[in-house]
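To keep things clear, I will list the structure first and then write my remarks on it.
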Amino acid sequence: MELQRGANIGVGGGQLSVSLDCVGVDTDMSAYLLASNGKVRSDADMVFYNQPAGAGGAVQFAGSDGRGAFSVDLGAIPADVSRIVFCVTADSGGAGRTLGSLASAEIRVSNAAGELLAVYRPEL
């Protein structure tokens, strides 16, 4: 299923992979495990290259060079986490480098069997 801006889908339970591929700009990717108030419960709920696991390993990050993936074990997410938000930021190392400079970007959500559940291609 190709998602449009603002769209949501149910992904069931179990293991998921959320992967990102960006071309044209160095990016940093992170995931935030949010409580019902829309905030992280602590710094441990922020998952990124320098803190590659959160929620006791339920969310893990691996990636570099504008490509990365989060593995998510939905069954191991703490009950007081109501959603997970994924974020991409442009590395500020280059002058004029913004996400608007991306040549292309694609976010894919797959299940444990490798079946593609959803893909999102942001309008650039």
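The chain is numbered in sequence order, starting from 1. If you're wondering where the values come from, they're calculated on a predicted model, not measured in any experiment.
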Residues in side-chain contact (heavy atoms from CB on, under 4.5 Å) contact with [X], at least two apart in sequence or another chain:
{"X": "Ala55", "result": "Leu33, Ala58, Pro78"}
{"X": "Ser71", "result": "Gln60"}
{"X": "Asn50", "result": "Phe48"}

For a quick test of your reading: what N or O donor-acceptor pairs under 3.5 Å do the side chains of residues 1-13 make, sequence neighbours left out?
residue: Glu2; atom: OE1; partner: Arg121; partner atom: NH1; Å: 2.8
residue: Glu2; atom: OE2; partner: Arg121; partner atom: NH1; Å: 3.2

Exercise. What side-chain hydrogen bond (donor to acceptor under 3.5 Å, both in side chains) pairs are there with at least one residue in residues 75-87, not counting sequence neighbours?
Worked result: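 Only Arg41-Asp80 qualify under side-chain hydrogen bond (donor to acceptor under 3.5 Å, both in side chains).
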Problem set entry | Identified side-chain contact (heavy atoms from CB on, under 4.5 Å) counterpart of Met29 within the set Val47, Val18, Ile107, Leu20 |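 Answer after filtering Val47, Val18, Ile107, Leu20: Leu20.
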Seminar exercise, completed: side-chain contact (heavy atoms from CB on, under 4.5 Å) with Asp45: of Val59, Val40, Ile84, only one passes, and it is Val40
For this session: Quick one: pull up OG in Ser30 and CZ in Phe70 and give me the separation to the nearest 0.5 Å.
Result: 6.0 Å
Problem set entry | Gap separating the CE atom of Met46 from the CG atom of Leu34, nearest 0.5 angstrom | 10.5 Å
Exercise. Tell me, do Leu74 and Val72 make a side-chain contact under 4.5 Å, heavy atoms counted?
Worked result: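 The answer is yes, as the side chains (C-beta and beyond) meet within the 4.5 Å cut-off.
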Under 3.5 Å, sequence neighbours excluded: what are the donor-acceptor pairs made by side chains of residues 111-120?
residue: Asn111; atom: OD1; partner: Ala113; partner atom: N; Å: 3.1
residue: Asn111; atom: OD1; partner: Gly114; partner atom: N; Å: 3.2
residue: Asn111; atom: OD1; partner: Glu115; partner atom: N; Å: 2.9
residue: Asn111; atom: ND2; partner: Glu115; partner atom: OE1; Å: 2.6

